[in-house]
Asker: 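What follows is a single structure, and I will ask about it in a moment.
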Amino acid sequence: MDIRPGDILKMKKKHPCGADEMLVIRSGMDFRLRCVGCSREFMIPRNKIEKNIKSVSREEKG
Ligand SMILES: [Zn+2]
């Protein structure tokens with residue numbers, strides 16, 4: 001799965017705050033994500049997050 005910093009991940013499982021979208025801050029072995037709802041940031045292993053992704057959206061620039 002191709003995921004880059006700046007992408008918005010729509011998750012199958014909602015964050016406790018109720019939001020289901022996460023902004024990718026950093027990708028790699030571990031992802032750093034920021035919840036779009038509450039702006040909380042956290043690290044999560046790639047294999048764990050991939051199972052929970054419903055869709056990926058990317059803002060095309062230019
Ligand atoms: Zn949240």
Side-chain angles (χ1 to χ4, degrees):
M1 193 178 276
D2 176 37
I3 299 165
R4 300 179 207 168
D7 288 354
I8 300 282
L9 308 180
K10 199 166 186 91
M11 313 306 290
K12 290 176 191 161
K13 211 167 104 186
K14 283 183 183 176
H15 199 239
C17 73
D20 64 355
E21 291 185 333
M22 302 282 161
L23 171 68
V24 180
I25 306 294
R26 209 177 75 194
S27 63
M29 289 269 288
D30 292 305
F31 278 36
R32 187 166 186 89
L33 303 177
R34 180 188 296 154
C35 176
V36 169
C38 64
S39 298
R40 201 169 297 167
E41 288 187 18
F42 42 91
M43 298 283 293
I44 189 156
R46 186 187 186 101
N47 59 1
K48 215 169 178 183
I49 202 73
E50 280 190 334
K51 285 180 229 160
N52 195 19
I53 295 170
K54 201 196 276 179
S55 63
V56 181
S57 59
R58 182 169 301 150
E59 274 188 41
E60 301 293 344
K61 286 177 182 136

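In each ligand, atom 1 is the first atom listed, and ligand 1 is the first ligand listed.
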Asker: Holding to salt bridge (Lys or Arg N to Asp or Glu O under 4.0 Å), I want the full list of residues that pass it with Asp30, two or more places apart in sequence or in another chain.
Answerer: none

Asker: Does any part of the side chain of Phe42, heavy atoms only, come nearer than 4.5 Å to the side chain of Met22, both counted from C-beta?
Answerer: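 When only atoms from C-beta onward are counted, Phe42 and Met22 do touch, with a gap below 4.5 Å.
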
Asker: Kindly write out the residues that satisfy side-chain hydrogen bond (donor to acceptor under 3.5 Å, both in side chains) with Glu41, not counting sequence neighbours, or none if the list is empty.
Answerer: Arg32, Arg34

Asker: Ignoring hydrogens, what is the shortest heavy-atom contact between Asp7 and Asp2? Give both atom names and the distance.
Answerer: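 Reported closest heavy-atom pair: OD2-O, 4.2 Å.
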
Asker: Identify, with sequence neighbours excluded, every residue that meets salt bridge (Lys or Arg N to Asp or Glu O under 4.0 Å) alongside Arg40.
Answerer: none

Asker: Suppose the cut-off is 2.8 Å; how many protein N/O/S atoms fall inside it around the Zn ion (ligand 1)?
Answerer: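 Atoms of protein N, O or S type lying less than 2.8 Å from the Zn ion (ligand 1) total 4.
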
Asker: Out of Ile49, Ile8, Val56, Ile3, which one pairs with Val24 under the side-chain contact (heavy atoms from CB on, under 4.5 Å) rule?
Answerer: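 Checked Ile49, Ile8, Val56, Ile3 against Val24; only one passes side-chain contact (heavy atoms from CB on, under 4.5 Å): Ile3.
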
